[in-house]
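Just so it is clear, the structure is predicted and the values come from calculations on it, not from any experiment. Within every chain, numbering begins at 1; the chains are lettered A, B, ... in the order of the sequence lines, protein sequences first and strands thereafter.
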Number of protein chains: 2
Amino acid sequence: MSVVTSAAGGTEDVVDLVRTAIHEGEFAPNQRLVEADLSVQFGASRAAVRTALVQLAAEGLVERVQNRGARVRAVSLGEAIEISEVRMVVEGLCAAKAAERATDEDLEALRQIGDDMRGAVERGDVFAYSDLNRRLHTAVRAAAGQQVAEGVLERLRGQNVRHQFRLALLPGRASVSLPQHLEIIEAVRARDAARAEAAMRAHLASVIETLPQVGTSRLP
Amino acid sequence: MSVVTSAAGGTEDVVDLVRTAIHEGEFAPNQRLVEADLSVQFGASRAAVRTALVQLAAEGLVERVQNRGARVRAVSLGEAIEISEVRMVVEGLCAAKAAERATDEDLEALRQIGDDMRGAVERGDVFAYSDLNRRLHTAVRAAAGQQVAEGVLERLRGQNVRHQFRLALLPGRASVSLPQHLEIIEAVRARDAARAEAAMRAHLASVIETLPQVGTSRLP
DNA sequence: TGATCCAAGATTGTGAACAATACTTGCGCC
DNA sequence: GGCGCAAGTATTGTTCACAATCTTGGATCA
């Protein structure tokens, strides 16, 4: 494990560094984040680290208790389910908005993603499929043009990347989710808002049902 | 206008003080929040004020730009609508969960709120009705037991209290929203999740339609 | 043996001073 | 008279030292 990641003077840089370190798994859940340690690790001042921790605490990535420091917040399975439930309805809203507002370029991009997904599943390329999954959700959110929803989702996504990531690796998962993804794409392309919302919600409901199989265990 | 609100040493206190000051309208939208001024106004150190501003920026209440300080974030009408759209789907989720999980005490509390609402409308007491409106939404969220949704809603509510507050004062608004509120209560009490969600969404859709009449003008 | 208390170490919170940056005002010049 | 420029002011960002608080380990005593 590297001790000194890089030299970052500004406080904004430290926020990104700590955030990505948490996402990459370099900082495990419940691990203590001592200000002095981070300041030497990232080559930043303790004040910058402190500011970064306050901001990350507000984002829900770390937990801070008075006079006792900060630690990486661990999201339980129950909380991951709650997060996905909220994602379900908010992404449903985005799908509906996307069906109403998407430009022709947006629709073409969605069609392309759908085709690529079929190909990835045929090749059994789970990594490519996982990436396309992420791109699909991003594309729908972008087409929706709902900035507040986008912010909420971004925030929620940051809290359970761990669970999301593991989900795509489940064997046989793709064959379940592919038709759901294609239905979302088709509904948006048909500009049917209600159908798009229903399709997105059905897809995420399926994700929620699958979550318990992933559990809360550590990454390999 | 009072200059010194109170003496608050801790940084958590400063967060609350600034937050309520913004909510009460003491700090107008786009007003600059100079660290030194706030530190003397609240009797806290500049570091505490600084920390508070970082946290409030992450909450979306203030805007911070590098080397240019913080100011109260102004939410446009368009953003208020987007916020309400997200609220619509998330509170819809809460209503559905509430219908599934509410205890008998919860249901009794809802029934009481409904009765009080009828009384307030009959008396023409808009202030009491506005308060009951807030209590109804709070009660539904509490009965849902969905902590993540609650956090998201709390965050969103903090950003447009201004618009929400003005809405209740519109003449004739109560006669429109009362049946919607009663339908929500009845659906939850009937433990009909789908109907509760639909009722909550219909209610907030009506709120969204009314928002443009409120506009973005200042409070009197 | 076990619990309790106290002291030392570690860590966070606070305050003041200093440096860096953006904004403003006044002056000179065209 | 308007425009560019430069010094001055206001404000934020950073650093450092110190105080306050929590944790840990061992000594003391029933």
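In this structure, the side chain of B:Arg201 does not engage the main chain of B:Met88 through any donor-acceptor pair within 3.5 Å. At distances below 3.5 Å, at least one donor-acceptor pair connects side-chain atoms of B:Asp106 with backbone N or O atoms of B:Thr103. Remark: the backbone N or O of A:Val126 is not paired with any side-chain donor or acceptor of A:Ser130 at under 3.5 angstrom. Listed for the A:Arg191 side chain is a donor-acceptor partner under 3.5 Å among the backbone atoms of A:Ala102.
Scanning residues 63-70 of chain B for heavy-atom distances under 4.0 Å to DNA chain C yields B:Asn67, B:Arg68.
When rounded to the nearest whole Å, the span between CG of B:Leu33 and P of D:dG13 equals 13 Å. Put simply, CZ on B:Arg46 is 18 Å from P on C:dG13, counting in whole angstrom units. As a whole-Å value, the separation of B:Arg32 CZ from D:dA10 P is 12 Å. With rounding to whole Å, B:Arg50 atom CZ is found 16 Å from C:dG13 atom P.
Out of C:dG15, D:dT12, C:dT12, the shortest distance to the side chain of B:Ala47 is found at C:dG15.
More than 12 heavy atoms of other residues, nucleotides or ligands lie within 6.0 Å of CD in B:Gln112, so this atom counts as buried by the packing criterion.
A sub-4.0 Å separation between OP1 or OP2 of C:dT14 and a side-chain N or O of B:Ser45 is absent.
Under the side chain to side chain contact (heavy atoms under 4.5 Å, CB included) criterion, B:Asp131 pairs with B:Arg134, B:Arg135, sequence neighbours left out.
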